[in-house]
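Some notes on the structure that comes next.
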Amino acid sequence: MSDRRPERPSPAASPVARILVVDDEPSVRMLLRRLLEHSGYAVAEVGTGEDALERIRRAPPDLVFLDLQLPDRSGHSILEAIRAEPATRLLPVVMLTGLATSEQKVRAYELGVTDFLAKPFAPDELLPRVRSLVLLKQFADEHEYAEHMIVTLARTIDARDPYTAGHSARVAEYALLVARRMDFDATTLLEMRRGALFHDLGKIAVPDAVLLKPGPLTAEERGVIQKHPVVGTELLAPMKTILKSLPIVRFHHERLDGSGYPDGRSGADLPLTVRIVTVADIYDALTTTRVYRPALSRETAYEMIGDGVRNGWWDGEVLRELQAANAEVESETPPDSPDV
Ligand SMILES: [Fe+2]
Ligand SMILES: [Fe+2]
């Protein structure tokens, strides 16, 4: 996910929606501009693919009309570039088609086109579609903003303890390294990444005196900390987009033999994505400095997690994949690059 901060959407007083028209024919651009401006939209126009991408990067619009064939690049490649950029992946794109073949349309669908508009346009048809697509963009903005706020909150919670700053982001990174070596589809990877980012959100309810205590915890204090998977799940439950990530938040301290918390779940009831995040979580905790001990070496961490695997707590295959993934990253890192 890009660090670009989504603008806060303002559904109550919606600003004028901005529409970008990308077509090399000035007459098409003029017609669309006239129709859309007449309905109160702010319209910008460009005639080439490169100008379109530059403009979208500089000031992402709320909707793009994109010609299939531009002088410098195909509409397909522009669409692909828009979808590849996190800041514009949900931007509605309507492809303008004259004599598009069905292969060209199928390709556009595969790349994530939102809609097609055949030239010449019928204004009666055009404007209701524009209204609903602009509304779709507002929903997307609200969704992005809500998710951004939760990620910020999760980071803030990590940062309460200087020793755990960046923990959730690193856990997400390790988990993805492992999962990419296994057979997961893109949606599952996204759900797992969200679960990893939010896995300790429930620590918001743990008082500083307990969370930051340098010495050993009392049984009561341990009980308070051990509530964080349940608290996190309850906080996130109202967000529909997070629903599939909730098992990771709730079960990341469970063990395969049922000796973990909060529910004592075991074996097949712990999905592979949960097992991956669990190992990633422990690995990051062991290899970073904590108030009660310095960071352990990677090898010591593998040994300790290996002991847990032999005890029946954690998934040995996940540990092997983590070791392989880390070794691969290391082999790709130039020898004199500084440690990060
Ligand atoms: Fe946790
Ligand atoms: Fe954690």
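Quick note: residue numbers are just sequence positions, from 1. Quick note: numbers below take in every heavy atom, side chains included, and nothing from hydrogens, waters or symmetry partners. All ligand and atom numbering here is 1-based and tracks the order in the structure.
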Using the six-membered ring wherever Trp is involved, compare the ring planes of Tyr302 and Tyr283 and label them parallel, tilted or perpendicular (cut-offs 30° and 60°).
-> parallel
Asp284 near the Fe ion (ligand 2) via N/O/S, less than 2.8 Å | no
Take Asp200 and Lys203 through the salt bridge (Lys or Arg N to Asp or Glu O under 4.0 Å) test and state the conclusion after the steps.
-> CA-CA 6 Å; Asp200 277 339; Lys203 285 192 177 167; 3.6 Å; yes
When the ring centroid of His228 is compared with that of His199, is the distance short of 6.0 Å?
-> no
The NE2(His253)-the Fe ion (ligand 1)-OD1(Asp200) angle, to 10°, is 180°
ang(NE2 His167, the Fe ion (ligand 2), OD1 Asp281) rounded to 10° is 70°
Decide if atom CG of Asp183 counts as having more than 12 heavy atoms of other residues, nucleotides or ligands within a radius under 6.0 Å.
-> no
Any N, O or S atom of His252 closer than 2.8 Å to the Fe ion (ligand 2) = no
